[in-house]
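Chain identifiers are assigned alphabetically (A, B, ...) following the order of the sequence lines, protein sequences preceding nucleic acid strands; residue numbering begins at 1 within each chain. Keep in mind the model is a prediction, meaning the values are calculated, not measured.
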Amino acid sequence: MLDRGYYDGFGGAYLPEILIATFDELEKVFQEAKGDPGFWQEYETLMSTYSCRPTPITFCENLTRHFGGGRIFIKREDLNHTGAHKANNVMGQGLLVKRMNKTRVIAETGAGQHGVATATMAAKFGFDCTIYMGEVDVERQRPNVFWMERLGAKVIPVREGTRILKDAINEAFRDWVTNMDTTHYVLGTACGPHPFPEMVTYFQSIIGKESREQLLETLGQLPSRVYACVGGGSNAMGIFSGFLNDSSVELVGVEAGGRGLDSGAHASRLCSEDASVGVAQGYKTYFLQNQDGQMKETHSIAAGLDYVGVSPILSHLKKSGRVRFEAATDDEVIDAMSLTIRKEGLIPALESAHAFVQAFKEAPKTSQKDIILINQSGRGDKDIFTIADAFADPAWQQFIIEKARKIITEKAKTYNA
Amino acid sequence: MLDRGYYDGFGGAYLPEILIATFDELEKVFQEAKGDPGFWQEYETLMSTYSCRPTPITFCENLTRHFGGGRIFIKREDLNHTGAHKANNVMGQGLLVKRMNKTRVIAETGAGQHGVATATMAAKFGFDCTIYMGEVDVERQRPNVFWMERLGAKVIPVREGTRILKDAINEAFRDWVTNMDTTHYVLGTACGPHPFPEMVTYFQSIIGKESREQLLETLGQLPSRVYACVGGGSNAMGIFSGFLNDSSVELVGVEAGGRGLDSGAHASRLCSEDASVGVAQGYKTYFLQNQDGQMKETHSIAAGLDYVGVSPILSHLKKSGRVRFEAATDDEVIDAMSLTIRKEGLIPALESAHAFVQAFKEAPKTSQKDIILINQSGRGDKDIFTIADAFADPAWQQFIIEKARKIITEKAKTYNA
Amino acid sequence: MLEQYLKSRLKEKKILLMTHIVMGYPNFKDGHRIVESMVEAGVDLMELQIPFSEPIADGPVILRANQSALSKGTTVKRCLEFAKDMANSFPIPFLIMTYYNILYKYGVEKFVATMAENNIQGAIVPDLPPEEGKAYLDAMAAHNRSPIFIFSPTTPTKRMEYIASFAKGFIYCVARKGVTGAETTFSEDIHSYLERCRQATNLPLALGFGVKDKSDIDFLTGKVDIAVIGTQTIRLVEDESIESVGPFIRGLR
Amino acid sequence: MLEQYLKSRLKEKKILLMTHIVMGYPNFKDGHRIVESMVEAGVDLMELQIPFSEPIADGPVILRANQSALSKGTTVKRCLEFAKDMANSFPIPFLIMTYYNILYKYGVEKFVATMAENNIQGAIVPDLPPEEGKAYLDAMAAHNRSPIFIFSPTTPTKRMEYIASFAKGFIYCVARKGVTGAETTFSEDIHSYLERCRQATNLPLALGFGVKDKSDIDFLTGKVDIAVIGTQTIRLVEDESIESVGPFIRGLR
Ligand SMILES: Cc1ncc(COP(=O)(O)O)c(C=O)c1O
Ligand SMILES: Cc1ncc(COP(=O)(O)O)c(C=O)c1O
């Protein structure tokens, strides 16, 4: 029997028969592209002209002084076009869709970042586009929905299950099994059936590749620790993959601790007792599930981390001990975010801020010779509604109330006219 | 008599006596920096590590095909940290503030972009920061206010005059004449008394410098036409200055036509009959003013273009004929923006979209050998409230109403508790 | 065992009927009544679905039935007891239908052993292609249960043969792309697909996805051995009543 | 002319008073009454401000007076007529105070000629440093009007001499940084500043920005020649009444 896409027992491709041929084709096209020396070149050119790769690494002098330990550097994935590392994966898959001559893309989205990135790619490449998004996420990430629609995508709110990311993935699969002839499913993270974990990691590895080169070039030194937040695991795999072979570099993945690991309201698969190995959404990994294998509700302040599964490659790296995993709570995230904004003028996404929390906890204990590298996977602008809520900013609240009042008045006018 | 900072009769420094010494110092420090070969290097390093300079030039294949004329390229200032070209100017002035050993910065802002950029710079450099913003703009750009406050800036809504950009400038000057010992006024555009027009242009010239090099390197060809929107004129001066000496390159500045040049509700200083030469806010240029010299109300859908004056250097380039000026109406702007989003996955700021309007009008008439370069001065995310209003998007309206309802319910709970 | 049963039945009937319920939906008591009326109406075999939180291959009707059953506290243990009860109460073969995680978390060997103890003939696990199924296949063989595999219109002929080499009992041919419950327009197009299926295996062929009335059954008669009625009876119970199920089944053949 | 008038008055009084109104605020009629009561109360000269939409050097009180006057339709023409009326009605010198754009749009030469015709003695244009003022200075000289220039605490001594070389009538020394209307605490610190001013010019010195009551005037007496009361009388009219102006002025000296 084939043993496809396993990482020490994690991964695989648990697919409905109807999709096997589609995955065979995808795998073939992906492997061909990987083997084609021109392909990575094409990908890099696209990313350097459409997005702004290489993204810079920013030295955070004030945070460094504040914590008094190693020098803190930030990899600036927030500067990507559409505001997050998601663009890397999406544009790469876009090139594959062209190779497969497909004309339509679908995607799931949680934070909305992947949806916006996919809709953007579809606009640029001229594909039709449908985005599945849990109803709960549609609510908390409305601005992204607005932009997806402007970009020409159809956004379908998913009202099944827990109405968040995992349910959107299921719906996307249901679409795909119907329309695979014309349609590619642009999975947004290093999860799902093989070859997605490998493929998404391949495209995201540009983050780690650049980071390593940039640090060696400007400082002549490797980082002591690299921090990344872990939702599905794509930005983490992206930056980690640059340093996997550097045994001196400690890699730290930070999951959503939500309201605390004891609360049950979190999304921590790799460092909580609430998770165990299972098979769902086409692959084997740690899932937040009950004894029967039913998936649990998850919670995070960051929609993009609010997911039951995790990259099988990260499960493997957890098992092998190569990556250490930690969790950051919602409250810690808001604090780390505020501090970063004030001290450095950087606005990390709520997702990214999880990585900052753990780096900040450990920074004071590192030596001044150490280099601490944090992946800022995205920018926080998109989170304004969540963050303004977290701050309970009265001026913002007044603004929203006024806006609503105006809309209602306008509507009444139209209605009466 | 000294003849400071004049461009064929436009410009100068019409300053209250109390500020003369401050301007003398600023001029001195700026000229020293300009003469210091290390300074531009320091500036470029800062911009390439903190923002993502050089920003790319993106080829718009779909728009090119759509219009059937010259090839359309976009200079991607939207990819700058904080989302607009404003960062270039602000970070440059930040370096000068350090040279002057001042500890506080103030700024005016219209769209909020310059305010966010200044607050960001202040956070990074550790300066105190106060931002003056017309009350009308506070309303229409609330998300930016929220971020400025998170960045540690004090945002002061200006309730005087027309309560927009020009009034914010006046208030900033009033602050400055009181606090110039500690404070630098980070003017946001290529206007105001000498040396601001020259200084802001100097920092923004990085746009044109890069663009010229990038086009020559990748295409071996200069553009036939370069389009930029014109508020105060900084992004336009920035990109134009790369091509001023290339007589084959036609330069086109696009002003806010608002509800039409005949409507009186616009902000077109260089191509409407409603403007004439005058002296205000410290410099001589075209102003939208009445017979008595009182400034008129202006209007634009784009807060950042909603200004009575214009760079004296642009007035000079208008007079000399080196730059052609056009106006784009609010409605045209929404259309050009929608088209660009759909066709290319790019979301220009409402300000930037003015440049797109004119480029789109002219593109079909150009030859396929022509290169058309448009400056995308900023990204449109910040404009979501304005754009959603323009589209009257019902889902967005429902979302806002729901948000307001939740806030009110929460407040009632706290109140009763 | 299952294969023999089906082949002998096929000597008496031109086409067999397989129906489906989601265990715990609307509840176990009604489920029992539905099974009873189906058996009485002449159904030849049945799928009993253990609900799963992520039923990726199912369309909205079965999806919601899964969710409803789970929200009422349906456990795997209770489902297995119910299945045992059915298998011991009614004289037709029963199959478990569920997703792989249910088996995996229960313990694959233990799950299959329980199936055997409970007199369940086989299982359909739509997200478990044979490539991923070694533990499952070993256990099914050890306990002499039938692993039912799936052919789809997108399955190449070579792969059909590969799949058939692991299958027991019958082959479940899905009629079209998509999930359960959507409309299928049966037409002669299906002919060459079924031809390919026949050539890949000697096992009886079941056809499912979108079979909903007598005209569909008439169309399929002579083309396949088993017609699968899935979503349609759930809809019937939801829109009409449990009492409608018997007459509906009887009217099909 | 103006200088001579001031110097002769200074022989009679230890300190002169200059007051200020914004023309058209609260309206022209009340403005007339205010001027009248100021003159009756013994004011020695007056600034008549033509309102401007961007009064960059003015604090909130005068700023709002400017805006209010404009919103009621105050024009430059009407202001010049009013100024003429005042100059012809009352036996003290009047000065125009306004921003440069008002002159520029009117035509600098024409504006100054009108001033001369209207018997206005000079002008204060706070945003016009001598460097930018060639046309203005030429016209003022041609029409024998006094261009009043400003010294500030930040003005270097050399520059004071430079400015003085263009000034006529008197020098307006601003007491501190900032805009009109803010609080000024007069202290001996001001001494060395005024010393520098004195050395730079033989013209009388006026001191303004924050002068508001008798104790300020007492403090300034002997130090400068003219005390300027600006914002304070506007506040008085706003908070109390026009009738309060006369007694207030009379109480100052
Ligand atoms: C900014 C950002 N960071 C991180 C994530 C988490 O995804 P992943 O773990 O695949 O990087 C998301 C997902 O939406 C995101 O938007
Ligand atoms: C994105 C953007 N573009 C353009 C402008 C106009 O300014 P300028 O003409 O100085 O480039 C602004 C001003 O806020 C802006 O935010």
Heavy-atom distances under 4.5 Å only: say whether A:Ile74 touches chain B with side chain, backbone, both or neither. neither
With only heavy atoms counted, which part of B:Lys411 is less than 4.5 Å from chain A, the side chain, the backbone, both or neither? side chain
Looking only at heavy atoms and a cut-off of under 4.5 Å, which of A:Ala395, A:Gly345, A:Ala119, A:Ala404 has the most pairs with chain B? A:Gly345
Between B:Thr82, B:Asp381, B:Thr55, the one whose heavy-atom pairs under 4.5 Å with chain A are most numerous: B:Asp381
What part of B:Ser51 gets closer than 4.5 Å to chain A, counting heavy atoms only: side chain, backbone, both or neither? backbone
Quick one: of A:Asp393, A:Ile401, A:Ile384, who has the most non-hydrogen atom pairs under 4.5 Å with chain B? A:Ile384
Quick one: which of A:Arg379, A:Met121, A:Lys343, A:Arg53 has the most heavy-atom pairs under 4.5 Å with chain B, could you say? A:Arg379
Report yes or no: does A:Arg150 contribute a side-chain atom to a donor-acceptor pair with the main-chain N or O of B:Arg342 at less than 3.5 Å? no
Min side-chain heavy-atom separation A:Phe146-B:Phe399 under 4.5 Å: no
How long is the gap from CZ on B:Arg142 to CD on A:Gln398, to the nearest 0.5 Å? 9.0 Å
If you count heavy-atom pairs under 4.5 Å with chain B, which of A:Trp147, A:Phe391, A:Trp396, A:Phe125 comes out on top? A:Trp147
Given 3.5 Å as the limit, does a donor-acceptor pair link the side chain of B:Asn62 with the main chain of A:Lys124, or not? yes
Does A:Lys403 pair with B:Asp389 as a salt bridge, N-O distance under 4.0 Å? yes
With a 4.5 angstrom heavy-atom cut-off, is it the side chain or the backbone of B:Glu149 that approaches chain A, or both, or neither? both
Is A:Ser48 close to chain B through its backbone or its side chain, or both, or neither, when contacts mean heavy atoms under 4.5 Å? backbone
Which residue out of A:Val145, A:Thr120, A:Ile400, A:Ile347 racks up the most heavy-atom pairs below 4.5 Å with chain B? A:Ile400
NE2/B:His81 to OG1/A:Thr58 distance, rounded to the nearest 0.5 angstrom? 7.5 Å
Any chance you could lay out the side chain to side chain contact (heavy atoms under 4.5 Å, CB included) test for B:Tyr50 and A:Arg76, step after step, and finish with the verdict? CA-CA 9 Å; B:Tyr50 189 62; A:Arg76 300 291 303 283; 4.2 Å; yes
Is it the side chain or the backbone of B:Leu63 that comes within 4.5 Å of chain A heavy atoms, both, or neither? neither
Shortest non-hydrogen pair, A:Ile407 vs B:Gln397, comes out as CG2-CB, 3.6 Å
